[in-house]
Every structure is written in structure tokens, then in C-alpha cells.
Amino acid sequence: MDPRLIKKLIDTNILAPDAVAGLEADAAKEKRDFESHLIASGIISEEGIVKLKGELYGLPYVDLVRTEIPQDVLLILPQSAAENYEMVVFAKQDHTVKVALTNPGDFRALEALEFWAKQEGYDLEKYIATPTGYRAALKNYTAFQKEVTEAVEQIEQKKGEELREKRKKRVSISETIRKAPVAKIVTLVVEEAVSAGASDIHIEPSEKESRVRFRVDGVLRVYLTLPGHLHSALVARLKVLANLKIDETRVPQDGRIHTEVYEEEINLRVSTLPMMAQEKVVMRILPTTTKVITLEDLGFWGNTLTVLKKIIERPTGVLLISGPTGSGKSTTLYSMLTALNNDSVNITTLEDPIEYATPGLNQVQINTDVGLTFASGLRAILRQDPNIVMVGEIRDRETAELAIHTALTGHFMLSTIHAKDALGVIPRLVDMHVEPFLIGAALNTITAQRLVRKLCQHCKVPAEIPDYLKAEVDGEIASLPDSQLIKTLVSAGGKSTFYRPAGCDECDNLGYKGRTVVVEAISMSDELQNILNTKVNIEVLEKERARQKLLSMKQDVIVKALRGETSLEELLRVTRE
């Protein structure tokens, strides 16, 4: 027993100094620790000794037996950690959590608690509780799981009834699932994802559990873990809602769900993928809002913005956007189409899938099962008297050649293509056997983009450039095009100011809130056409972009970091892919 606690007991006249040795001997004979022996002997109550211990450690006492702990608060700390370190979360206010400990002298538990709080972005208030109170609180974990357990039991019971009734009558699978308790779980997951501002929901199977993760601002985080045997019911429910084949588990399937969450209509683009034993489901959340999003809203600025605004006003030519999945290409295309959309033009799109239903656009959904591909669809569109055509993606030689000829025959074509960066699009088209002189004749502009997280403007703090990045960043700053705006970002002393995330209530202690686009572009010019008529060389293309005073993607990130919009960590993330 802590000698300080023994002294405290003596100072408060609970123990006589000469009685300590005898009580310790009695405790040893009964094979109990001294603290438990004092309580069992009636010398002091469990609550009394815990309160004294709290005074020693400077921790207030909380009576967990009489404290009602909300279910969502209790589950902030995983049950395994609560059991391993004998601690529970019993209250939460904003981003401060109150944690009750039974043994504040356990430094291993304290270190684990501090690490967990830092990882999750919580501020801590520590309290002390009795072991009895802790055990009472721990039982609430079981109570919380009761609802999920009951849902699982009902599902299993329904399966048993289904087997018994199978010979008597046919049972509608979709009707059985619709009435199952798992429907409530699906609804709650979607509502929480929308509330968190997630772009995607991942429901992933494993042997013993089903993991639900949300992608928020481009980063995946675990939201919920469910029993593994519940996974198939979740997938079945989602298949019903998305009009997919429930009994088909061998091939991927795609569908859509239209629903309403918090009085806002949303579309869920559903994709299933067969795994070893079960299927994984990913849902892309697509708001149906008709709010006009401009290129400025997305993060375009400076010379690149000026060039793009001029380009989309041209009646003919091709504009290509490159970037990986989830880089915001579709949103950028829709922003451009919205700016072009009026009663005097016929705009037709060919998409797979249609992500944003937009009034005024003639939107066509690809359907390879009936032979409606990008190539065949583009041929049909050209017979529909279009002014502007948007093809979701150029994937093959036939589509690439048709896109080029569409532009050469008096139409404005927008599309996306997969390449590492803007300059990489040209050799990619050459690899598709598009003649370089046709590229020069048809192409207007190529852009490439990524999405970076925006620093929370309420809590960002100045930061020094890491030594391993300093030379690279300084070199990029020195090579920035001559611009008064950019010059003003660097202080008179020549020192660049960057920022890092800190975390506050406004950003859920993540340090980031929202995303912005970083982009690079190159426009067709007489010089670029001459380059294409000779031999395509990336170094020569780089020099041409610099001559056009257009930033590279890396330079765009650095400028946005100098402006305090993002961090250098995001520079590494998007340029080291």
C-alpha cells in the first residue's frame, strides 16, 4: 500500500500509528492486500479510502454507481481498453471527456490513456472511482450491446422460421430483409456518415467482425465494428435498396439508392465486390443539391483559372482533366458545364455512372450489357446535334479517336483521362495511337488535379519547414512564375511562413476542415504544336508550361500552404503518391 495513503489514514485519525503493523500482519495471513483488509474489517469504507486516494493524486471523486452514463459516451473508449486499464468514460462536453480511474498510480494505464486521447483529439479530465462503481459502469457495455444482440437474434430467428416455412410457401427475400432489424442499423450508418461530412462509406467483412469506415476529407476512419455474422444481412439490405441481385455474390455489382437524410435528398452510389468469403460494399455519397459550385469555390485561382475560363468559352476543342479516383474530376467537369449551361446550347453527357443529376443537361448512362459503351454512345450523341459533349472517361483508342474527331468537327469536348500529371496525358494519348499532329490540332488544355485537406482557420499555427523538405520547398519557391501575389506571400526577410494543424472544437480536433483542389495545367500553343510535330519530350513540355507561367501541382500546393490554406504534410501526401 502507498505509504502516503497510510500517513493520510493516520493524519485523519482513521488509523492509530501503532496499529498499522498488526493490521498488515493480519492482511498477510488472510492473503489480502492492506487496502482490502481495512475495508473488510470495517475500519473505512471503500468510498472513504478512494476519496482519500483522490486527495493524494489531486483527482475528484465520482460515484459511478449513481451516475447515468449515456451509451454513446461510454463507447467512446473501447471495451477492451476499459477492461484492460480499469477506466471508463462517463461524461463528455464538446471535446473534453471525463474518465474515471480505479488506480491512478498505474502509470501504464495513464500513458495508454494520454496516448488514446491524443490520437482521438480529446482533452482529458481524470477522476477516481471505486472498483464497485467501475464494475457497475462496465456492465453498461453489455447493456449497450443488447440492442444489437437482439437484432442479430431476431435475424437468426427469422432465418430459422424461413427454413421451417420453406416447404409450405415461398417467402420473399426482399420482404424478409425489409422487416428485419438490420434496416435500422443501415439507416443509422448512413445518417451518421452524412452528419460527419463523409464522401464514402466502406463496409468490410472479416472472419469475426464487419468494419464500417467513413472517408472524411479524403481520410478513412473506423466508425463502427459489428459482429461478423451480421455482415451478410447488411449487404443483403443494401442490395435490396439498390435493386441489385441478392443471390448473386460471385461478381461485382453497381447500383444506386435515393434517400433522404436530415431533410436533404442524397444519392448513394453502391458498389459490391466479392471477397474470399463475403462481399465488401462501398457507397459514394452524392448530394442532390442544385447549388452552383464555381471553379473559384473549388480552389482554382490565378493564371490557371484565367486560362480555363477562356478555354471553356471556345466553341470547339478538347479539354481533358487527369487525376486518380476521388480527386474531384467529376465535380470540376460539372462546375464547367454549369457555367456553360443555357438555353442556347445543347449539352449532352455520357457517364458511368451519372453522379449529379443536373437540370438542362442531357445525361446518358453507360450500359455495357446492351452495348452502350463510351465509344458507341459518343457516335450516337454526334447524331443529336450537340454543341458541347462531356464523356466521363477516355479509356481506349476508339474513344480517344472519336473525342479528337468530335472536336475537329466543330464541337467542344470535355473528358477525363488517367495519367500521372497534366504533361503525362500527351504520351498517354500517343500510347492510344492518336497521332501527335491530331492532338495538337484538337486539344485546348490539359489539367491534372488532386484534393488536399484545408487547414482549420480557427486553430492553425505557424510551423517551421522540416529540414528534409527545406531545399525542395525553397527550390520550388524560387522557380515560381513572376507574380506580385506570390511575392507578397514571402516575408521581406526572405523567410517563408507555413502552418500546421493544431485542433479545436470547430474541426473536431483534427486540424483540418474541408478540402480544396490543387491543379496544374498546360494549354495548346504554337510552341506546343511544334513540339508535338517533332518528338514528345517531358522536359521540353515542362519548359513550355513554365513559359506559359502556369504552376505545377507541387507549386500550387506550396502557394496554398504559404497562404495558410493547407499544410506541407499535404504537399507530401499528394506529390509522393
J.: To the nearest 0.5 Å, how far apart are CD1 in Ile69 and CG in Leu75?
T.: 10.5 Å
J.: Report, as yes or no, whether the 6.0 Å neighbourhood of atom CG on Asp467 holds more than 12 heavy atoms from other residues, nucleotides or ligands.
T.: no
J.: Look up atom CG in Leu510 and atom CG in Leu455, then write down how far apart they are to the nearest 0.5 Å.
T.: 12.0 Å
J.: State, to 0.1 Å, how close Lys513 and Cys507 come at their nearest heavy-atom pair, and which atoms those are.
T.: CB-CB, 4.3 Å
J.: Just wondering, more than 12 heavy atoms not from Gln93 lying within 6.0 Å of its CD?
T.: no
J.: Quick one: side chains of residues 44-58, donor-acceptor pairs under 3.5 Å with protein atoms, not counting sequence neighbours, listed by atom name and distance.
T.:
residue	atom	partner	partner atom	Å
Ser45	OG	Gly48	N	3.0
Glu46	OE1	Thr132	OG1	2.7
Glu46	OE2	Thr132	N	3.4
Glu46	OE2	Thr132	OG1	3.2
Glu47	OE2	Lys51	NZ	3.1
Lys53	NZ	Glu35	OE1	3.1
Lys53	NZ	Glu35	OE2	3.2
Glu55	OE1	Lys8	NZ	3.1

J.: Indicate the atoms forming the closest heavy-atom contact of Tyr468 with Leu572, along with that distance.
T.: OH-CD1, 3.7 Å
J.: Treating Lys460 as the side-chain partner and Gly564 as the backbone partner, does any N or O pair qualify as donor plus acceptor under 3.5 Å?
T.: yes
J.: What distance separates Phe498 CZ from Ser567 OG, expressed to the nearest 0.5 Å?
T.: 10.5 Å
J.: Measure the spacing between NE2 of His202 and NZ of Lys280 and express it to the nearest 0.5 Å.
T.: 5.5 Å
J.: Can you measure from CZ (Arg284) to CZ (Arg256) and round to the nearest 0.5 angstrom?
T.: 11.5 Å
J.: Is any side-chain heavy atom of Glu192 closer than 4.5 Å to one of Val189?
T.: no
J.: State, yes or no, whether a side-chain contact exists between Met283 and Ile203 at a heavy-atom distance under 4.5 Å.
T.: yes
J.: Ignoring hydrogens and geometry, is there a side-chain-to-backbone donor-acceptor pair from Gln253 to Lys245 under 3.5 Å?
T.: yes
J.: Whether Lys454 and Glu565 form a salt bridge (side-chain N of Lys/Arg under 4.0 Å from carboxylate O of Asp/Glu) is what I want to check.
T.: no
J.: Measure the CD-CG distance between Glu125 and Leu59 for me, rounded to the nearest 0.5 Å.
T.: 11.5 Å
J.: Keeping the roles fixed (side chain from Lys329, backbone from Gly323), state whether a donor-acceptor pair exists under 3.5 Å.
T.: yes
J.: Begin with the C-alpha distance, continue with both residues' side-chain angles, and end with the deciding distance and a verdict on side chain to side chain contact (heavy atoms under 4.5 Å, CB included) for Leu241 and Thr259.
T.: CA-CA 10 Å; Leu241 294 173; Thr259 187; over 6 Å; no
J.: Could you check Gln449, Met553, Lys554 and say which one makes a side-chain contact (heavy atoms from CB on, under 4.5 Å) with Val518?
T.: Met553
J.: Please check if the side chain of Asp94 supplies one atom and the backbone of Thr96 the other of a donor-acceptor pair under 3.5 Å.
T.: no
J.: Can Leu188 and Glu191 be said to form a side chain to side chain contact (heavy atoms under 4.5 Å, CB included), step by step?
T.: CA-CA 5 Å; Leu188 291 172; Glu191 286 179 350; 4.1 Å; yes
J.: Look only at the side chain of Thr566 and the backbone of Arg453, and say whether a donor-acceptor pair between them is shorter than 3.5 Å.
T.: yes
J.: Would you find a donor on one side and an acceptor on the other, under 3.5 Å apart, between the side chain of Glu520 and the backbone of Ser552?
T.: no
J.: Please tell me if the side chains of Leu77 and Tyr85 come closer than 4.5 Å, counting only heavy atoms from C-beta onward.
T.: no
J.: With the threshold set at 4.0 Å, does a side-chain nitrogen-carboxylate oxygen contact exist between Lys239 and Glu279?
T.: yes
J.: Might you point out which heavy atoms bring Arg515 and Gly326 nearest each other, and give the distance in Å?
T.: NH1-O, 4.2 Å
J.: Report the residue from Leu451, Asp556, Val452 that forms a side-chain contact (heavy atoms from CB on, under 4.5 Å) with Val517.
T.: Leu451
J.: My understanding is that only residues two or more places apart in sequence, or in another chain, count here; which of them pass side chain to side chain contact (heavy atoms under 4.5 Å, CB included) with Leu124?
T.: Val97, Val99, Leu113, Glu114, Trp116, Ala117
J.: Do His231 and Ser206 come within less than 4.5 Å of each other through their side chains, counting heavy atoms only?
T.: no
J.: Are the side chains of Ile201 and Phe214 in touch, meaning some heavy atoms are under 4.5 Å apart?
T.: yes
J.: With the side chain counted from C-beta on, respond yes when Pro104 and Leu110 share a heavy-atom pair under 4.5 Å apart, and no when they do not.
T.: no
J.: Would you sort out whether Leu230 and Ile185 count as a side chain to side chain contact (heavy atoms under 4.5 Å, CB included), showing the intermediate values?
T.: CA-CA 10 Å; Leu230 192 61; Ile185 298 173; 3.7 Å; yes
J.: Kindly give the heavy-atom pair with the smallest separation between Ile285 and Ala198, and that separation in Å.
T.: CD1-O, 3.5 Å
J.: How would you list, by chain and number, every residue that makes a side chain to side chain contact (heavy atoms under 4.5 Å, CB included) with Arg66, sequence neighbours excluded?
T.: Asp63
J.: Is any side-chain heavy atom of Leu38 less than 4.5 Å from a side-chain heavy atom of Leu15?
T.: yes
J.: Considering only heavy atoms from C-beta outward, does the side chain of Tyr122 approach that of Ile76 to under 4.5 Å?
T.: yes
J.: Checking Glu248 side chain against Arg250 main chain: does a donor-acceptor pair fall under 3.5 Å?
T.: yes
J.: Going through the distances and angles, do Thr67 and Lys98 end up as a side chain to side chain contact (heavy atoms under 4.5 Å, CB included)?
T.: CA-CA 12 Å; Thr67 300; Lys98 297 181 179 182; over 6 Å; no
J.: For residues Ala82 and Leu138, report the shortest heavy-atom separation together with the two atoms involved.
T.: CB-CD1, 4.1 Å
J.: Keeping the roles fixed (side chain from Glu209, backbone from Thr225), state whether a donor-acceptor pair exists under 3.5 Å.
T.: no
J.: Mind listing the closest non-hydrogen atom pair of Leu64 and Gly133 along with its distance?
T.: CB-O, 3.3 Å
J.: Does the distance from a Lys or Arg side-chain N to an Asp or Glu carboxylate O, for Lys470 and Glu472, drop under 4.0 Å?
T.: no
